[in-house]
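Order of appearance sets the numbers: ligands from 1, and atoms from 1 within every ligand. Keep in mind that what you see is a predicted model, and the values were worked out from it rather than measured.
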Amino acid sequence: MTLGRLIDLPVISDPRGDLTFVEGGRHVSFDIARIYYLYNVPVDAERGGHAHRELSQVVFALSGSFRLTLDDGRERREIWLRDPRKGVLIESLTWREMDAFSQGAVVMVLASHPYDEADYIRDHDAFLAAASERGRPPASPADGGAPT
Ligand code: TYD
């Protein structure tokens, strides 16, 4: 898994402006079940601060810029988003934080599932435990697993 894989969207440019589109299953690996956007964000706001058990998302700066910090429990990565054609894939069990918003920034998020508060992990220690659990190989008898 690549932490924060970049997704490049097409652009159709003509003298009237630029047009970018995104298709579920083509530009993003999942079927898009939900779209939400952040706007009127104070420049000193800190958003995110959670992970998701199952949800995958792709995040774009439609306007302005912000900093996205990702952490999968092993690696931490900072990405500055400022190009509406470039999204970042956030896979499940990835802790994310968003800050350093520019004035008037608009963030669009494509999500693989409808909103479900039970899918959130809002405690960082609980996230680390879940991430390490997922990264662990299944127990085998040699590890003291099932008795023979
Ligand atoms: P949250 O996901 O914590 O925002 P962010 O990660 O951008 O800081 O959501 C903030 C609040 O909005 C929280 O009470 C849940 C609610 N919410 C919905 O009701 N539906 C949604 O689709 C989303 C994304 C959030």
Side-chain angles (χ1 to χ4, degrees), residues 1-139 143:
M1 170 178 120
T2 304
L3 182 61
R5 185 156 66 80
L6 289 181
I7 296 190
D8 277 304
L9 295 180
V11 59
I12 314 288
S13 296
D14 69 32
R16 301 169 300 162
D18 296 337
L19 183 156
T20 283
F21 56 95
V22 53
E23 296 179 6
R26 178 177 170 198
H27 302 113
V28 301
S29 50
F30 52 79
D31 288 332
I32 299 163
R34 175 170 52 120
I35 300 172
Y36 66 91
Y37 32 94
L38 309 173
Y39 52 101
N40 293 335
V41 181
V43 295
D44 58 355
E46 295 177 357
R47 301 207 60 120
H50 56 78
H52 289 275
R53 297 176 199 284
E54 299 297 336
L55 190 74
S56 294
Q57 294 169 296
V58 182
V59 182
F60 297 88
L62 283 197
S63 187
S65 61
F66 67 99
R67 175 172 58 187
L68 176 66
T69 304
L70 300 179
D71 173 5
D72 63 5
R74 282 175 304 194
E75 188 189 343
R76 192 177 160 88
R77 184 170 177 201
E78 274 187 16
I79 303 169
W80 287 87
L81 279 140
R82 54 172 67 86
D83 180 343
R85 288 171 52 192
K86 292 192 189 306
V88 174
L89 174 66
I90 308 177
E91 296 187 90
S92 58
L93 285 184
T94 304
W95 190 266
R96 86 288 313 275
E97 288 162 6
M98 292 175 285
D99 67 355
F101 292 91
S102 67
Q103 191 76 48
V106 178
V107 180
M108 178 178 74
V109 184
L110 313 177
S112 61
H113 294 81
Y115 171 71
D116 175 11
E117 183 60 35
D119 189 60
Y120 281 72
I121 305 175
R122 294 191 183 274
D123 176 79
H124 194 257
D125 287 340
F127 154 70
L128 290 176
S132 106
E133 184 67 32
R134 182 175 284 188
R136 197 172 297 155
D143 299 328

Taking atom OH of Tyr120 as the centre, report whether more than 12 heavy atoms of other residues, nucleotides or ligands fall under 6.0 Å from it. yes

Can a salt bridge be assigned to the pair Arg122 and Glu117 using a cut-off of 4.0 Å between side-chain N and carboxylate O? yes

Under a 4.0 Å threshold between the charged nitrogen and the carboxylate oxygen, would Asp8 count as salt-bridged to Lys86? yes

Can you list, by chain and residue number, every protein residue with a non-hydrogen atom closer than 4.0 Å to ligand 1? Arg34, Tyr36, Leu38, Arg47, Gly48, His50, Met98, Tyr115, Tyr120, Arg122

Atom pairs and distances, side-chain donor-acceptor, residues 20-36, under 3.5 Å, sequence neighbours left out:
{"residue": "Thr20", "atom": "OG1", "partner": "Pro10", "partner atom": "O", "Å": "3.0"}
{"residue": "Glu23", "atom": "OE1", "partner": "Arg26", "partner atom": "NH1", "Å": "3.3"}
{"residue": "His27", "atom": "ND1", "partner": "Glu23", "partner atom": "N", "Å": "2.9"}
{"residue": "Arg34", "atom": "NE", "partner": "His113", "partner atom": "O", "Å": "3.0"}
{"residue": "Arg34", "atom": "NH2", "partner": "His113", "partner atom": "O", "Å": "3.3"}
{"residue": "Tyr36", "atom": "OH", "partner": "Gln57", "partner atom": "NE2", "Å": "2.8"}

Those residues at least two apart in sequence (or on a different chain) that pass side chain to side chain donor-acceptor pair (under 3.5 Å) with Asp14 are Arg16

Going by ring pair (Phe, Tyr, Trp, His ring centres under 6.0 Å), name the residues that satisfy it together with Phe101, two or more places apart in sequence or in a different chain. Phe66

